[in-house]
**Student:** 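Take a look at this one; I'll ask things after.
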There are 2 protein chains.
Amino acid sequence: MPTLRDVARLAGVSISTVSHVLNKYDDINEETRQKVLAAIKKLDYHANSMARGLIKNKSSLIGLILFGEGIGHPFFHQVVRGTIDEVEKRDRNAILSTVPHDGYEAAPIFRKMHEHRLEGLIVLGLPEGHAAMARILNSKIPTLFVDAVVEGERIGSIRSDNFRGAFLATDHLLQLGHTRIAFVNEASEAAIFEERFRGYLAAHEKWGVEFNPALYIKTGNYRVEGYRAARELFERDRQVTAIFASSDRLAFGVMDELRRAGLQVPQDVSVVGFDDIELACFANPPLTTVRQNGNLMGERAAKELVAMLEDPEYTPAPILIDTELMVRESTGPVRGINARLSSA
Amino acid sequence: MPTLRDVARLAGVSISTVSHVLNKYDDINEETRQKVLAAIKKLDYHANSMARGLIKNKSSLIGLILFGEGIGHPFFHQVVRGTIDEVEKRDRNAILSTVPHDGYEAAPIFRKMHEHRLEGLIVLGLPEGHAAMARILNSKIPTLFVDAVVEGERIGSIRSDNFRGAFLATDHLLQLGHTRIAFVNEASEAAIFEERFRGYLAAHEKWGVEFNPALYIKTGNYRVEGYRAARELFERDRQVTAIFASSDRLAFGVMDELRRAGLQVPQDVSVVGFDDIELACFANPPLTTVRQNGNLMGERAAKELVAMLEDPEYTPAPILIDTELMVRESTGPVRGINARLSSA
DNA sequence: ATGAAAGCGCTAACAC
DNA sequence: GTGTTAGCGCTTTCAT
C-alpha cells in the first residue's frame, strides 16, 4: 500500500504538502494541488486510518453491543439497520459485538472496547441489573442505551413511548367493549415492560374497569411462552375476551394456543401485540399491534451518540419515540364465549 | 489513557520490558513480570490497537458487507450472528456495512475498507453482476462470499447444498404421489437459485415425471410475490397439487393465496419452502421446508476467512453446507382438487 | 505556499 | 534479562 511519502515523491512535493491537500487546507497552490491529486489517483492512495487515529487519538469506531438475542430478535434488527446506516453517514464505523446470555464471558468485549479506543457505544437489549452495566458506565465511553432507562453524564437513552403504546392498545380493546382483558407481559426487570404494564393499567382506570390480577401473566419472550401463558390464563379465568401481549412474538404464541383450543380470533378472543414486526401483517388474522419504529430508533441513537462525540459538553435527555396503534384484524367487539368454553 | 510509558515508569522498568510482558515473551524475570503486571492493573492499561496495528500493518478488522436486505432477511441474520461470534473468538472485529440496493452509492464503503486496512471481507447477498464485485476482487483483500459462487486467488465462497436441498424437497413431493409440482423460484441471476431449479429437475427425472414449463414461475423475494405467483400459477394450470417455493417467505405468500382461494394445505395443495427460518415451524400448518444452517455458514465463513489471513498461501475450495429436509405438516399425499377448483 | 522535523504509542532489532 | 533506539504513516507546529 502506498504511503504519503510515495505520493509526495511522485508529485515532487513534501509529505506535509500532501497532508494539507488531503485535509483540504486552503493554503495550497491550485497547480500543486492538482499534481498531488493526480499522484493520489495514480497510486490509488488511501490514508491509513490507524496512523491518523493514533495521532488524533480518535478511532472513528463505534461499538454496537447486542445483548441476549440481539440480532435474532425481530425488533432489534430494525434498530441495528437504522444504526449502521446512520453511523456510516456520519463517517464512522460500527463494530458489532454480541453477548449472547448472562453467563457469557463478556470480558473480551470490554478489553477490545478499550484496545480499539471505541469512541462511543450503542447498547441494545442490556437486561436490567446485568453486570455489564457497571463496566460500561465505568469506561467513561459515551454510550447510548436503546430500550433501557439510564441516566448519567455522557450517557443517553432511547426507547419507545411504551406507556402510550400499551395505553392505546388497551384503550382500543376497552372501546370494543372488552372488560376482561388479559396482559401477557415479558417477565424482565426492564423498565419498558413496567411502562407497558402501567399503560395497560391507565387505560383500565380511564374506563373505570377494575384491574384483575388473575389476568396478568409474566412470562419469557419466546413464542412458546406466549402459548403456555394463554393456556394458564384460561385455567385461571375462562371468561377472558381479549389478550394483550407485550410483544408480537408472544401474541403469536397466544394465537397458537387459541387455535389449538378451537377459539376464533377475533370472534371469540381479541389479540393485540407490540412491536409490529414484519410478520404482524401477514399473520392469520393480521395482528393488531403497537408499532415501534425500530429504524428510527436506531437512527436517532446513532445521531445522538455522534452529537455527543462531536460536542464534549453534550449529554442528551432521554429520548422517547412515538408509538402507534396499528388496528388490523385480530381485534373485534366483545362477544360472549362462555358457552363455547364451558362446552369445550 | 495510560500508555506503555506510564506503565514502565510506574513499574520502574523500560518500555520494551513492558512490551515483552504484554506480548508474552518468556525472557522476563518473574519478579519483573509481576511488577509490570501490577502496574498494568493499577493503571487499567489497555494497549492501543492503532499503534500496534500501525507497526504490524494489521488492523484486526474484518468487514462484513451486507447487500440488499441484508440483516432484514430472515435467513441472513443467522449468518451474521454466526460470523460475528466466530470472528470474535478469533480475536478480530467485525465492521458492519450495508449496501441497501443496487443504485446505492457504495463508494464510501470501499473507501473505508481501504482506509481502515480491513484484513478480510465477508460478503452477503451480493447480486450476480453487481458492480461491487469487481471492486472487491480488485481490492486484493481476502474475501469470503456467502451464497455466491466466485473463484479466484484468496477468494472463498460458501453456500448451502442447494441442489440437494431442492432435490430432496421435490423428491418428497413426488414420493407422496404428486406429479404436477410447481416451482416458484426467486428471479435472480444468482447461481443458488439455478441450483435449486436443477435439483427440482433432477428429482423429476429420477421419477420419470416430465417437467412442465408452465409450472415454473420466477418472481421476487417478498411474500406478496409468492402470493401473486400462486395466483398466476392457478391461472396457468388449475391442476397443480404441490408447490415448491425457493424460500420460506415465498412459501408463506403462496399459502396466503391458497387460503384466500379457500384451498386447504396440505389436503388440497402441498407446499414446501426453503431456508427453515424461525417462523417455519410456527406457520399454520407448520411448513415443510429445506433447512439451511445459517449459523454454521456464518461460522465457517469466518473460520475460513481467518484461515486465509493466517496463511498467506491458503485459498479455500468452495464450501458446500449440508441441507436437510424438515418434513412438517404442509405436505401430504396427493388428492384430486379438480372438483373443488372447477366449481370455484 | 511549501518544507523540515517532532512525535502519537507501540514493536522489534540490537546492545549490553 | 533488560534497556536503547529506529521507525510504522501520519498530523502539526514552526521555519522559510
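Letters A, B, ... mirror the listed sequences (proteins, then strands); counts begin at 1.
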**Student:** For the residue pair B:Val150 and B:Leu137, what are the closest heavy atoms and their distance?
**Tutor:**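 Closest heavy-atom pair between B:Val150 and B:Leu137: CG1-CD1, 4.4 Å.
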**Student:** Using only heavy-atom distances, determine whether the side chains of B:Glu151 and B:Ser157 contain a donor-acceptor pair under 3.5 Å.
**Tutor:**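 There is no such pair between these side chains.
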**Student:** Quick check for you: among D:dG1, C:dC10, C:dA1, whose closest atom lies nearest to any side-chain atom of A:Thr32?
**Tutor:**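 Among the listed nucleotides, the one closest to the side chain of A:Thr32 is C:dA1.
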**Student:** Count the heavy atoms of every other residue, nucleotide or ligand shown that sit under 6.0 Å from CD of A:Glu30, and state whether that count exceeds 12.
**Tutor:**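 Yes, enclosed.
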**Student:** Round to a whole Å and report the spacing from CG of B:Leu4 to C1' of D:dT5.
**Tutor:**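 From B:Leu4 CG to D:dT5 C1': 15 Å.
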**Student:** Does A:Asn23 make a side-chain N or O approach to OP1 or OP2 of D:dT11 shorter than 4.0 Å?
**Tutor:**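 Result: yes.
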**Student:** Of all the choices, D:dT11, C:dC10, D:dT4, which nucleotide is nearest to the side chain of B:Ser14 once you look at every atom?
**Tutor:** D:dT4
**Student:** Which nucleotide, D:dG9, C:dC10, C:dA12, lies nearest any side-chain atom of B:Ser16?
**Tutor:** C:dA12
**Student:** Does a donor on one side chain and an acceptor on the other come within less than 3.5 Å for B:Asp85 and A:Thr98?
**Tutor:** yes
**Student:** Mind calculating the distance between CD1 (B:Ile55) and C1' (C:dT11) to the nearest angstrom?
**Tutor:**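 Result: 4 Å.
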**Student:** In whole angstrom, what separates A:Lys58's NZ from D:dG9's P?
**Tutor:** 23 Å
**Student:** Both B:Asp27 and A:Leu54 contact DNA chain D. Which one's nearest nucleotide lies toward the 5' end?
**Tutor:** B:Asp27
**Student:** Any base atoms under 4.0 Å from B:Asn57, or only sugar-phosphate, or nothing? Heavy atoms, all strands.
**Tutor:**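 B:Asn57: no heavy atom of the nucleic acid under 4.0 Å.
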**Student:** Please pick, from C:dG9, D:dC10, D:dT12, the nucleotide with the shortest atom-to-atom distance to any side-chain atom of B:Ala51.
**Tutor:**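 Looking only at heavy atoms from C-beta outward on B:Ala51, the closest nucleotide is C:dG9.
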**Student:** What's the closest nucleotide to the side chain of A:His20 if the choices are D:dT2, D:dT12, C:dT11?
**Tutor:** D:dT12
**Student:** What do you reckon, is CD of B:Glu189 surrounded by more than 12 foreign heavy atoms closer than 6.0 Å?
**Tutor:** no
**Student:** Please state whether the phosphate of D:dT11, meaning OP1 or OP2, lies under 4.0 angstrom from any side-chain nitrogen or oxygen of A:Ser19.
**Tutor:** yes
**Student:** Under 4.0 Å, heavy atoms only, any strand: does A:Ile28 hit a base, just the sugar-phosphate, or nothing?
**Tutor:** sugar-phosphate
**Student:** Expressed as a whole number of angstroms, how long is the span from B:Ile15:CD1 to C:dA12:C1'?
**Tutor:**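 Distance, rounded to whole Å: 13 Å.
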**Student:** Check this one for me: any side-chain N or O of B:Tyr25 less than 4.0 Å away from OP1 or OP2 of C:dA12?
**Tutor:** yes
**Student:** Starting at atom NE2 of B:His116, determine the distance to atom C1' of D:dC10, rounded to an integer number of angstrom.
**Tutor:**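 In whole Å, D:dC10 C1' and B:His116 NE2 are 15 Å from each other.
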**Student:** Roughly how many Å is it from NZ in A:Lys56 to P in D:dG9, rounded to a whole number?
**Tutor:** 19 Å
**Student:** So if I apply the side chain to side chain contact (heavy atoms under 4.5 Å, CB included) rule between A:Leu118 and each of A:Ile65, A:Ile95, A:Leu64, A:Ile62, which one comes out positive?
**Tutor:** A:Ile95
**Student:** Report yes or no: is there a donor-acceptor pair, N or O only, under 3.5 Å between the side chain of A:Thr17 and the base of C:dA1?
**Tutor:**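 Looking at the base of C:dA1, it does not pair with any donor or acceptor on the side chain of A:Thr17 (distance under 3.5 Å).
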**Student:** How close or far is atom C1' of C:dC10 from atom CE of B:Met1, stated in whole angstroms?
**Tutor:** 15 Å
**Student:** Given atom CZ of B:Arg117 and atom C1' of D:dC10, what is their separation to the nearest angstrom?
**Tutor:**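 Value for this atom pair: 11 Å.
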**Student:** Does the side chain of B:Arg52 get closer than 4.0 angstrom to OP1 or OP2 of C:dT11 through an N or O atom?
**Tutor:** yes
